[in-house]
Amino acid sequence: MNLHELEQLIKDIESDRTERKESLTDSGKIRQAICAFANDLPGYGQPGYIFIGVNDQGVPTGLPITDELLCTLADMRSDGNIQPFPSMTVQKAVLKGTPVAVVEVQPSDSPPVRYNGRVWIRVGPRRAQATLEEERRLTERRRTGNLPFDQQPVPKTTLTDLDMNLFRSTYLPSAVAPEVLSENQRKTEEQMASLRFLTPDLAAPTVAGILVLGTNPQTWLPGAYLQFVRFDGRDLTDPIKAEKIISGNLITQLQQVDNLIPLHIQHRVTPGLGLRYNEQPDYPREALRQIIMNAIMHRTYEGTNSPVRINWFTDRVEIQNPGGLFGQVTKDNFDRMTDYRNPMVAEAMKALGYVERFGIGIRLARKALAENNNPVPEFIFEPTYVLVTIRSQV
């Protein structure tokens with residue numbers, strides 16, 4: 001959209017395609033607006049615009065449009081609060097002779113989009129939470145053919161291939177706000193479709209549904225597991241001390257990984273003050289956890305039967321996942337840029353609490369390693385896999 005068209009929109013205070021904010025003071029309402037425009041309940045098929053530094057009458061306020069402000073707005077796309085990730089751009093524009101920030105939000109191919117477990121929509125010139133009927137309409141609008149692999153249906157599967165009790169007891173309370181659940185009278189199948197675990201017509205589970213809630217995911221996705229091997233030495237040919245296949249659905253796998261890591265970390269005891277002793281691990285648990293969670297989240301499940309591999313040697317741990325870097329991520333920006341091959345898997349891990357915030361896993365791992373006096377992690381990026389090596393404490 002050119003500057004003239006933006007100026008026309010900024011003046012139209014009755015438009016349901018625009019929202020104005022004088023500042024970033026209430027970032028929650030800006031996220032609500034992003035969510036509402038992404039849902040595009042009226043079905044315009046056109047982007048919505050949020051103007052920052054503009055009052056309710058459409059007049060720019062002269063708010064300083066700094067790089068920090070623009071970065072804060074851009075981070076709202078992928079910090080994990082809005083699910084699935086909205087398609088949006090952020091730019092600085094001079095309107096009516098005054099700089100303003102413009103957030104352009106495209107309609108989602110995979111509605112409903114949620115902000116903190118709530119579905120927001122536009123009702124005329126204002127925002128509102130969607131009713132059950134409005135949410136159903138959004139679910140039915142989903143365009144299956146354009147969706148990522150983890151949102152595609154799994155042929156020959158049925159509702160019986162999903163663990164309904166696990167969904168109701170564990171996933172649903174984690175993913176949807178409590179007050180929304182208390183008012184929700186829909187059938188479990190409709191709730192699953194709304195969260196993209198079933199196709200909108202309720203005909204089949206999606207890949208994400210099978211991965212996260214499947215009764216036996218490996219029947220349909222044979223590589224969807226982790227292979228753990230601990231070697232008594234520094235080479236793959238050395239004797240094996242322990243090995244484990246971590247399978248089942250993603251909820252089960254994540255729990256097993258969290259339980260497994262501490263069992264294999266060894267502690268060195270050194271004298272402290274007085275009669276005290278200090279214990280220091282050979283690997284910080286948080287670093288291993290972050291790298292393994294990254295491997296599960298970003299691996300490819302399409303066209304491969306290969307698992308995530310964790311090889312634990314006497315001097316290092318190697319974590320390898322099938323699938324190279326994805327989308328906008330390159331070997332030069334991988335620790336700063338985020339893109340998602342499996343957006344629904346990422347969403348599920350965030351909802352379940354295994355990811356605190358998107359885009360900081362590698363930085364958290366590096367910080368934990370540095371504080372424990374371990375060398376920096378080593379990364380190898382190939383077209384078909386990513387290999388991360390974490391070496392033992394110096």
Side-chain angles (χ1 to χ4, degrees), residues 35 38-39 80 82-85 108-119 130 132 134-178 180-181 184-221 224-225 247-255 296-297 299-302 340-355:
C35 178
N39 279 319
I82 303 173
Q83 297 284 354
F85 311 115
S108 174
D109 284 344
S110 184
V113 177
R114 287 179 166 78
Y115 164 52
N116 280 351
R118 301 167 180 84
V119 178
L132 296 181
E134 289 164 338
E135 193 172 329
R136 183 190 62 78
R137 286 164 54 193
L138 290 170
T139 300
E140 291 177 348
R141 188 184 296 166
R142 198 175 303 154
R143 291 179 287 190
T144 303
N146 297 329
L147 298 181
F149 178 70
D150 69 347
Q151 294 178 43
Q152 298 286 343
V154 180
K156 300 182 181 180
T157 59
T158 68
L159 195 60
T160 60
D161 293 300
L162 300 181
D163 189 331
M164 305 284 278
N165 290 330
L166 186 64
F167 173 74
R168 285 188 290 258
S169 66
T170 302
Y171 191 83
L172 193 59
S174 301
V176 179
V180 175
L181 277 182
N184 199 323
Q185 303 301 317
R186 289 179 301 172
K187 295 179 181 178
T188 301
E189 297 92 322
E190 294 171 328
Q191 294 172 324
M192 284 184 157
S194 176
L195 291 165
R196 291 168 289 278
F197 292 139
L198 280 177
T199 54
D201 58 4
L202 312 183
T206 62
V207 170
I210 292 295
L211 286 172
V212 178
L213 300 164
T215 55
N216 190 2
Q218 289 71 42
T219 298
W220 312 102
L221 300 159
Y225 67 97
S247 59
N249 57 50
L250 194 61
I251 293 176
T252 301
Q253 290 185 25
L254 295 173
Q255 291 172 342
I296 296 170
M297 182 188 299
R299 64 153 294 171
T300 182
Y301 291 92
E302 185 176 13
Y340 297 90
R341 176 182 279 116
N342 308 302
M344 268 307 303
V345 170
E347 179 177 336
M349 293 177 69
K350 175 73 164 55
L352 292 165
Y354 289 95
V355 176

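Values reported hereafter were calculated over all heavy atoms of this structure, with side chains retained and with hydrogens, waters and symmetry mates removed. Predicted, not measured: the structure shown is a model, and the values here were computed from it.
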Would you find a donor on one side and an acceptor on the other, under 3.5 Å apart, between the side chain of [X] and the backbone of [Y]?
X	Y	answer
Ser174	Thr170	yes
Asn39	Val113	yes
Asn342	Met344	no
Gln152	Phe149	no
Asp150	Val207	no
Gln218	Gly248	yes

Looking at every non-hydrogen atom in both residues, tell me the closest pair between [X] and [Y] and how far apart they are.
X	Y	value
Arg186	Ser194	NH1-CB, 3.6 Å
Val119	Arg114	CG2-CG, 3.6 Å
Phe85	Ala346	CZ-CB, 4.2 Å
Asn116	Arg118	O-NH1, 3.0 Å
Thr157	Asp161	CA-OD2, 3.4 Å
Leu166	Asn249	CD2-ND2, 3.5 Å

Could you go step by step and tell me if Leu250 and Leu213 meet the side-chain contact (heavy atoms from CB on, under 4.5 Å) rule? CA-CA 7 Å; Leu250 194 61; Leu213 300 164; over 6 Å; no
Can you see whether Tyr301 has Arg299 sitting over its ring - NZ or CZ less than 6.0 Å from the centre and within 45° of the normal?
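Cation-pi check for Arg299 and Tyr301: passes.
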From CA spacing to verdict: side-chain contact (heavy atoms from CB on, under 4.5 Å), Met349, Leu352 | CA-CA 5 Å; Met349 293 177 69; Leu352 292 165; 5.9 Å; no
Can you tell me which residue among Leu195, Val176, Asp163 is in a side-chain contact (heavy atoms from CB on, under 4.5 Å) with Tyr171?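 Between Tyr171 and the candidates, side-chain contact (heavy atoms from CB on, under 4.5 Å) is satisfied uniquely by Leu195.
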Would you give the length of the straight line joining atom [atom1] of [X] to atom [atom2] of [Y], rounded to the nearest 0.5 angstrom?
X	Y	atom1	atom2	result
Leu138	Glu135	CG	CD	7.5 Å
Tyr225	Gln253	OH	CD	10.5 Å
Phe167	Leu172	CZ	CG	4.5 Å
Trp220	Lys156	CH2	NZ	8.0 Å
Leu162	Leu198	CG	CG	6.0 Å
Met297	Tyr354	CE	OH	13.0 Å

* State, without any angle test, whether Ser110 and Gln151 hold a side-chain donor-acceptor pair at a distance under 3.5 Å. =>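 On atom types as modelled, these side chains qualify, holding a pair under 3.5 Å.
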Just do the side-chain contact (heavy atoms from CB on, under 4.5 Å) check on Phe197 and Glu189 with the steps written out, would you? CA-CA 9 Å; Phe197 292 139; Glu189 297 92 322; over 6 Å; no
What I want to find out is whether Glu347 reaches Arg196 closely enough, with some N-O distance under 4.0 Å, to be called a salt bridge.
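A salt bridge links Glu347 with Arg196.
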